[in-house]
Asker: 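Here it is, the structure, as structure tokens.
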Amino acid sequence: MNITQEIMNDNHLKLVVNVQPEDYTAKLTDEIKSLSKKISMKGFRPGKVPVGMTRKMYGNSVLAEHLDKLLNESVLAYIKEHDLKVLGQPIPFEVRHQQFDVNSLQAYDFGFELGLIPPFELPALDTRTLEKKVLLISDDMLQEEIERVRSIHGERSLPEKVGEDDILYGEWKELGADGELKENGISSTSSFAMKLVKDDVSRQLFLNLNKKESTDIAVKPAFGNDMELIIHNVLKTDHHAADQMGEKFRFTLLNIHHVEKAGLDQAFFDKAFGEGAVHNEEEMKERIKADLSREYVKYAETRFDRELQDMLIKETEMSLPVEFLRKLIHSNKQEDDAVLDEQQLVQALQQVKWDLIHDKLLRDNNVAITREELTGRARKDIANYYGGEEFFQNNTGELDRLAESLLNDEKYANRLRDQVLNDKVFELLKSKISAIEKPVDQHEFFHH
């Protein structure tokens, strides 16, 4: 057997494996003999099927399977012998047209493309300083959250007429330039609060509606040109469809939801925050402000992790085998999957780049996970599912039993291991760089 190598471009190789009859004939004969003792065939006792009959009936299949196994072993041995750091898996290609024929043993050529992990170094981190945005909880945000909590615990009704504080549920259908329903246009049903409507004309059109009635709305000005709100919450579509959509939509009112907000009394405080936890409006504000701060701290950490990741991807020089990766992605896609466009390819390459950076950080810093860490994370997952560890305060043994049971599930354990390793990578990165906190308002926090 002979393997030749051809360099196509940076970190992209071709291997051609030449297999001669002497490389596989003896093993092929043994496998056919072994098979003849296992199969059943009409007219012959079990285990007594003639080798010649087995060869005639199954020889080509056995030959194909044997060659496939031989190739896998040979290519893996070649990779190990030459210390090739392979990216993904080899992609087979046809060297020449050839057919397997057990009655005409011959030489075969098989081709494989290999992508290699490029050598790279990470940028210096101990000299870097990154800005970390921290959200200031404004009075408006605090008041908005108070009203939201009051609404959650308020009385609900289904009035017949639309009011300024109501939530409308209805159907949106895109209109064409002629004012008629657009063929294959955007169509969805959604709920939205009247307070989100910014345009006076649109607000009045909504207020005039009765159930089952329709009105035509210029959707962008109606919601203050807030495209994220319009795309994801109102029309429930995507950015590509939104780029092509018309100005007007026909809205049909299906139902009206009204909430009479809960009063600021002790019954509300106990219901919303737990019995005896809050006694007055001032304590309520402090509690809500603290809850908001904790929530946005988590968001800020996630955002900062993403910025760290983007920085490393951008500043790490790495010569990826782009054409190989394009072929690899296409070879793994499902039959109904769309062909990868250039934007999707760029995103895929960035993910590959990050995966390699991630693995290098783990290796270079000897990051590992203990069983105790996995068990602790599993316990936390279970406790969060049941609303907190208080649920198990009188039965911690049950929590331990459930955690061990989950970790016996290989799929769950692997997913948990990836999560813990990912957390460790970002903890490592944040220990190496300097971060300067910058208090910002809501607009800058979410949109810049």
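Computation of the quantities below employed the complete heavy-atom set of this structure, encompassing side-chain atoms and omitting hydrogens, waters and symmetry-equivalent molecules.
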Asker: Going by heavy atoms in the side chains, are Lys285 and Ile146 under 4.5 Å from each other?
Answerer: yes
Asker: Where do Leu136 and Val440 land on the side chain to side chain contact (heavy atoms under 4.5 Å, CB included) test, with the steps shown first?
Answerer: CA-CA 6 Å; Leu136 289 173; Val440 296; over 6 Å; no
Asker: Give a yes or no on whether the backbone of Leu328 and the side-chain of Ser331 come within a donor-acceptor separation of less than 3.5 Å.
Answerer: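 Checked: pair present.
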Asker: Between Arg294 and Asp291, is there a side-chain N and carboxylate O pair less than 4.0 Å apart?
Answerer: yes
Asker: Minimum heavy-atom separation for His239 to Ile231, with atom names?
Answerer: ND1-CD1, 3.4 Å
Asker: Counting N and O atoms only, with roles assigned by atom type, does the side chain of Thr375 sit under 3.5 Å from a partner on the main chain of Arg371, one being a donor and the other an acceptor?
Answerer: yes
Asker: Can you check whether Glu6's main-chain N or O pairs, donor with acceptor, with Lys14's side chain at less than 3.5 Å?
Answerer: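 It does not hold such a pair.
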Asker: If you count heavy atoms of other groups shown closer than 6.0 angstrom to NE2 of His240, is the number above 12?
Answerer: no
Asker: Is Glu404 reaching over with its side chain to a backbone N or O of Arg401, donor-acceptor style, under 3.5 angstrom?
Answerer: no
Asker: Got a sec: does the NZ of Lys380 have more than 12 other heavy atoms crowding it under 6.0 Å?
Answerer: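 Counting neighbours around NZ of Lys380, 12 or fewer heavy atoms of other residues, nucleotides or ligands fall under 6.0 Å, so no.
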Asker: Of the options Lys173, Lys248, Arg250, which is the one that meets Asp216 in a side-chain hydrogen bond (donor to acceptor under 3.5 Å, both in side chains)?
Answerer: Arg250
Asker: Under the 3.5 angstrom rule, does the side chain of Ser190 hit a backbone N or O of Val234 as a donor-acceptor pair?
Answerer: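 Such a contact is found between Ser190 side chain and Val234 backbone.
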Asker: Kindly assign one of parallel, tilted or perpendicular to the pair Phe273 and Phe269, based on the angle between their ring planes and the thresholds 30° and 60°.
Answerer: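 If you compare the ring of Phe273 with that of Phe269, the planes turn out tilted.
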Asker: Looking at Phe304, does the NZ or CZ of Lys133 lie under 6.0 angstrom from its six-membered ring centre and within 45 degrees of the ring axis?
Answerer: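 Verdict for Phe304: no cation-pi partner in Lys133.
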Asker: Could you list the donor-acceptor pairs under 3.5 angstrom formed by side chains in residues 69-79, with sequence neighbours left out?
Answerer:
residue	atom	partner	partner atom	Å
Asn72	ND2	Asp68	O	3.3
Ser74	OG	Leu70	O	2.7
Tyr78	OH	Gln5	OE1	3.0

Asker: Does Lys198 use its side chain to pair, donor to acceptor, with the backbone of Arg203 at less than 3.5 Å?
Answerer: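 Side chain of Lys198 to backbone of Arg203, a donor-acceptor pair under 3.5 Å: no, none is there.
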Asker: Classify the ring geometry between Trp354 and His358 as parallel (under 30°), tilted (30 to 60°) or perpendicular (over 60°).
Answerer: perpendicular
